[in-house]
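Note sheet for the following structure.
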Amino acid sequence: MRRTRAFLPTMKEDPSEAEVISHRLMLRAGMIRKVAAGIYNLLPLGLKVLRRVETIIREEMNRAGAQEVLMPLVIPAEMWKESGRWDLYGKELLRFKDRHDREFCLGPTHEEVITDMVRREVRSYRQLPLNLYQIQIKFRDEIRPRFGLMRGREFIMKDAYSFHATERDAEREYENMYNTYTRIFERCGLRFTAVEAETGAIGGRFSHEFMVLAETGEDVIVSCGTCGYSANLERAECRPPEGGAGEKEKAMEKVHTPGVKSVEEVSRFLGVSPERLIKTMIYETDKGPVVALVRGDLEINEAKLKRLLHCEWIALADEEKVRGVTGAPPGFAGPVGLEVRIVADHSVSTIVNGVTGANEEDYHYINVNPGRDFAVDTWGDIRFALEGDPCPRCDGRLSLSRGIEVGHIFKLGTKYSEAMRATFLDEKGVERPMVMGCYGIGVGRTVAAAIEQNHDEKGIIWPLPLAPYHVYILPVNVKDASMREVSERIYRGLTDSGVEVLYDDRDERAGVKFNDADLIGIPWRVTVGSRVKEGKVEIKARDRNEAEIVDIEEAVGRLVQRVRGGT
RNA sequence: CGGGGCGUGGCUCAGCCUGGUAGAGCACCUGCUUUGGGAGCAGGGGGUCGGAGGUUCGAAUCCUCUCGCCCCGACCA
């Protein structure tokens, strides 16, 4: 492609709308343009990269035995009513009516449609298993779209759904998809890790998120360098503390603590370390108020708390509710003497002579001991893991890092097949619901994540498999006949060899072109400059500083070799 | 949805407080010079100041409403 003909509007300045690096660079490199909040045009360069990811996904999904289908974007409400999600899904589901006043929605995910499709055709275990996927536009009316393609409302997703006669076969396919996803992200040239994820009601270990590692990621990954355990922060297990302080229990005492509320304030005021405090949080749930306790230096993980309590929803109580439960304003709550269900994190169990609020404004108790001074109804793991925590699986230590969730695999079980009566007859002629799995990859998000992971201060540095073009030809001065002639020759040579080339034939100053080349991030650059007089051109990799000077006649061959060899 | 902020040529922004001629840099067009890391000079085109209403002799500027966008929180690929 000649740069003079390309629809490739690059920008020198940072657009004010973009916050994160991938969003900024995609706008500046002319890959995307915004149409509305969370809705984007993909320009040629952006689409090319997206297609690279799609191609890798297709090849690996097909290789894994999945078959591609294409389901509609517009879905009739009946299907969502049948699965029960029409009422559950909330405002993210964009609903509308057609001219006949029939209700529809834009598909944010396709479990209903695929389940309907399969149940109409599959009668026998002989027709199973099936793994069907599509690469389609999804629409989720996100509360707050942001970060460009990273979190749009309209986005392209690969979603696959599998159907099985047995749990065991569904688990086999889960492994198959785990391996397939690993291959996909490896082929994309990304550094990533698979982590255990929240499984919600289904439970078990059958949900993994694939995280591209990046400092700027929104998700926190907890991992153990010794045994390889890794999980997302919501999920990561915390091992209960062992032993105790061995300190002698003292008599509980009420102390005056005027205006001293936060953990930090209390520990400073009383001169005790935060690990001695029993942080007391009041929650409201669909099953009534609950008091949650955690050691003062730790934080409560609401997802774990919710799971432990088996409740539908959970929220921190407001000031009024806190007064109702404790009789004191927030900041002075403690478990002593409360008549509400008390849930405590394991970390509280080893506290001896601790400190808590006295449920009375401006007073705390000191020398509080669990068991002696208050009773805990339920002990459990309800805190967030911290850097340096002991690993739940081995003797190692946990460390925290950041990532971007680009893929998620999930064993669904029979949730949808039961709700929508997708059944088959097994070998014995017994009618049974199909066991399902679902497997998603955010295609646009993968592109964004690739940029988050591969860039420098000058621009994008594409991994070769995702690069929109392989080689950038940069004649320093197109008015110089020999430079132009050599550039044209290399352009033809590379193109004839099947290498994709962006040829910057613009009559621009060299600096403009160098900066554009770095911004766009094509892996290989050929600079055709004053050395043509000596029969030489320069070849430089985007991710390296030094250029290699080669004979003009050798340039094409070298580049073809590099692009093919991936070195 | 709650909290904060912003809408002025294609882009980045000034002007608004204290009402009176719509500005700068970049980009674009023409010419000359220049040509290895975002050139120089000269000339030129382009904005109903997000929209509607109001106050005023007069509104980008003050008031009211409205729309859009961005950032912080709960959701997710």
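Chain naming here is simple, since letters A, B, ... match the order of the sequence lines and numbering starts at 1 in each.
Taking the six-membered ring for Trp and thresholds of 30 and 60 degrees, Tyr439(A) and Tyr174(A) have ring planes inclined between 30 and 60 degrees apart.
Among residues two or more places apart in sequence or in another chain, the side-chain contact (heavy atoms from CB on, under 4.5 Å) test is passed with Ala36(A) by Ile39(A). Taking the ring-ring contact (aromatic ring centres under 6.0 Å, His included) definition, one finds that Phe210(A) meets it with Tyr178(A), Tyr181(A), Phe185(A), sequence neighbours left out. Pro9(A) is linked by a side-chain contact (heavy atoms from CB on, under 4.5 Å) to Arg33(A), Leu43(A), counting only residues two or more places apart in sequence or in another chain. In terms of the side-chain contact (heavy atoms from CB on, under 4.5 Å) criterion, residue partners of Val556(A) (sequence neighbours excluded) are, by chain and number, Ile490(A), Leu494(A), Ser497(A), Val560(A). For Glu54(A), the side-chain contact (heavy atoms from CB on, under 4.5 Å) partners at least two apart in sequence or on another chain are Leu50(A), Arg51(A), Arg58(A), Ile135(A), Ile156(A), Val443(A). Applying the ring-ring contact (aromatic ring centres under 6.0 Å, His included) test to His23(A) and every residue at least two apart in sequence or in another chain returns Tyr40(A).
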Residues Trp524(A), Tyr472(A); criterion ring pair (Phe, Tyr, Trp, His ring centres under 6.0 Å); working and verdict
CA-CA 6 Å; Trp524(A) 294 99; Tyr472(A) 195 99; over 10 Å; no
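Glu457(A) places its CD atom 15 Å from the P atom of rG38(B), with the value rounded to the nearest Å. One interatomic measurement links the two molecules: CG of Asn477(A) to P of rU33(B), which rounds to 14 Å at whole-angstrom precision. We find that CZ of Arg24(A) is positioned 14 Å from C1' of rU12(B), with the value rounded to whole Å. Atom-to-atom, CD1 of Ile549(A) to C1' of rG36(B) comes out at 12 Å; the value is rounded to the nearest Å. One interatomic measurement links the two molecules: CE of Met11(A) to C1' of rU12(B), which rounds to 11 Å at whole-angstrom precision. Rounded to whole Å, atom C1' of rG38(B) lies 13 Å from atom CD1 of Ile520(A). To the nearest angstrom, C1' of rU34(B) lies 11 Å from CG of Asp507(A). Rounded to an integer number of Å, the gap from NZ of Lys479(A) to P of rU35(B) is 11 Å.
When both distances must be under 3.5 Å, the Watson-Crick or G-U wobble mate of rU55(B) does not exist. Across all strands shown, rA22(B) has no partner, as no Watson-Crick or G-U wobble contact with both distances under 3.5 Å is found. Under the Watson-Crick or G-U wobble criterion, with both distances below 3.5 Å, rC1(B) is paired with rG73(B). Base pairing of rG37(B): no nucleotide in any strand meets the Watson-Crick or G-U wobble criterion (both distances under 3.5 Å). Under the Watson-Crick or G-U wobble criterion, with both distances below 3.5 Å, rA60(B) has no partner in any strand shown. When both distances must be under 3.5 Å, the Watson-Crick or G-U wobble mate of rG7(B) is rC67(B).
Between rG38(B), rC13(B), rU35(B), one nucleotide has an atom nearer to the side chain of Ser16(A) than all others, and that is rC13(B).
Within a 6.0 Å radius of CD in Glu264(A), other residues, nucleotides and ligands contribute 12 heavy atoms or fewer. Enclosure of atom NZ in Lys91(A) is not indicated, since only 12 or fewer non-hydrogen atoms of other residues, nucleotides or ligands lie within 6.0 angstrom.
Using a 4.0 Å heavy-atom criterion, one finds that Thr446(A) contacts no nucleic acid atom at all. Using a 4.0 Å heavy-atom cutoff across all strands shown, Pro9(A) reaches no nucleic acid atom at all. If you check every strand for non-hydrogen atoms under 4.0 Å, Thr109(A) touches nothing. Among the atoms of the strands shown, base atoms are found under 4.0 Å from some heavy atom of Arg525(A).
Along RNA chain B, the nucleotide closest to Asn515(A) and the one closest to Glu17(A) are compared, and the more 5′ of them pairs with Asn515(A).
Checking side-chain atoms of Lys540(A) against main-chain N and O of Thr527(A) turns up no donor-acceptor pair under 3.5 Å. In this structure, the side chain of Lys536(A) does not engage the main chain of Ile552(A) through any donor-acceptor pair within 3.5 Å. Between the side chain of Lys279(A) and the backbone N or O of Leu298(A) there is at least one donor-acceptor pair closer than 3.5 Å.
Between the side chain of Asp518(A) and the base of rG37(B), a donor-acceptor pair under 3.5 Å is found.
A heavy atom closer than 4.0 Å to some atom of RNA chain B occurs in Arg28(A), Lys34(A), Ala36(A), Ala37(A), these being the qualifying members of residues 26-45 of chain A.
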Per-nt protein contacts along nucleotides 72-77 of chain B (heavy atom under 4.0 Å; B base, S backbone sugar-phosphate only, - none) come out as BBBBBB
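For the salt bridge (Lys or Arg N to Asp or Glu O under 4.0 Å) condition, the pairs that include at least one residue of residues 522-532 of chain A, sequence neighbours left out, are Asp518(A)-Arg525(A), Arg531(A)-Glu538(A). Judged as a salt bridge (Lys or Arg N to Asp or Glu O under 4.0 Å), the pairs with a partner in residues 176-191 of chain A (not counting sequence neighbours) are, in order, Glu59(A)-Arg187(A), Glu60(A)-Arg183(A), Glu60(A)-Arg187(A).
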Polar atoms only, N or O, under 3.5 Å: list the protein pairs with nucleotides 23-30 of chain B and their distances.
{"unit_1": "rG25(B)", "atom_1": "N2", "unit_2": "Glu13(A)", "atom_2": "OE1", "d": "3.0"}

Produce the list of close N/O pairs, under 3.5 Å, pairing protein atoms with atoms of nucleotides 5-9 of chain B; give distances to one decimal.
none

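A cation-pi arrangement, defined by a distance under 6.0 Å to the six-membered ring centre and an angle within 45 degrees of its axis, is absent between Arg95(A) and Trp80(A).
Using P as the reference atom, rA60(B) and rC49(B) are 6 Å apart when rounded to the nearest Å. Between rG68(B) and rC26(B), the two C1' atoms lie 25 Å apart (nearest whole Å).
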